[in-house]
Amino acid sequence: MTTFIVLLGPPGVGKGTQAKIFSERSGLAHISSGDLFRENIKNQTELGRLAQSYMTRGELVPDDVTIAMIRDRINRPDCAAGAILDGFPRTPAQADALEVMLQEFGGQVDVVPFISGSEEVLVERLSGRWTCRASGHIFNEKFNPPKQAGVCDFDGSELYQRDDDKAETVKRRIQVYLEQTSPLISYYRDHGKLIEIDGMQSIEQVTQALLVALKKH
Ligand code: AMP
């Protein structure tokens, strides 16, 4: 038995935060496509160089390289029981590729929590977001501040503001989400897999709503 959960929702709604919490509680691997790209950028790989040219503009990295990267990640042993996918799929072509990939494991996408949020709040949250260098823990100077400014509560590493969290890029990322990713809402609804969660509540309330919904499913 495997469990694959796809977290869907606009940038800044809290997918990464919730994925980390849920991964720690459930033991399922957390796969963040954005974190994988940022790791490649840090390690100055060819994929990192390619991804960066899209990420700084708030555009999506092309499907073929993104799908290949996720395929490699899902094939690692820590995903044998399943995973929580955060930021992938982001296009219908990626969603189709994911189905095929998981069939190879005898698995499937089991459930798709869709965390929703209003545009003004997303822009505000992203512009106050601080991310940990070591492993991508996420804070917000207003809504979820670290105990000590600039330092990660979990591993003591430095917190930084992502280049693509600047207001102009955030607006483009939201537009790209609406154009290219939001069709996945009806795709997964039609497959009977979507559960809707209000992402404008506190982090704890969203976690609770997620846990209740996943238990029911
Ligand atoms: P995130 O950390 O999920 O906000 O992703 C940051 C950036 O990485 C996005 O704005 C895209 O440029 C790129 N990216 C992440 N996931 C994907 C994906 N599934 N498909 C294409 N590009 C992606």
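Worth knowing before you read on, the calculation uses all heavy atoms, side chains too, and leaves out hydrogens, waters and symmetry mates. The first residue in the sequence is number 1, and the count goes up from there. When a ligand or atom number is given, it counts from 1 through the structure's own listing order.
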Visitor: Show the nearest heavy-atom pair for residues G87 and R90, with the distance to one decimal.
Guide: O-NH1, 2.9 Å

Visitor: Between S135 and D155, is any side-chain donor less than 3.5 angstrom from a side-chain acceptor?
Guide: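 D155 and S135 do have a side-chain donor-acceptor pair below 3.5 Å.
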
Visitor: Could you pull out every protein residue that has a heavy atom closer than 4.0 Å to ligand 1, ordered by chain and then number?
Guide: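 Residues S33, G34, F37, R38, M55, E59, L60, V61, T66, G87, F88, R90, Q94, R162, D164, R173 each place a heavy atom under 4.0 Å from ligand 1, listed by chain and number.
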
Visitor: Would D164 and R172 pass as an ion pair if we require N to O under 4.0 Å?
Guide: no

Visitor: Q205: what forms a side chain to side chain donor-acceptor pair (under 3.5 Å) with it, not counting sequence neighbours?
Guide: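 So Q205 forms a side chain to side chain donor-acceptor pair (under 3.5 Å) with S202.
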
Visitor: Who pairs with Y177 by ring pair (Phe, Tyr, Trp, His ring centres under 6.0 Å), at least two apart in sequence or on another chain?
Guide: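 With neighbours one apart ignored, the set is empty.
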
Visitor: Enumerate the side chain to side chain donor-acceptor pair (under 3.5 Å) contacts for residues 77-87, please, sequence neighbours excluded, ordered by first and then second residue.
Guide: H30-D86, R73-D78

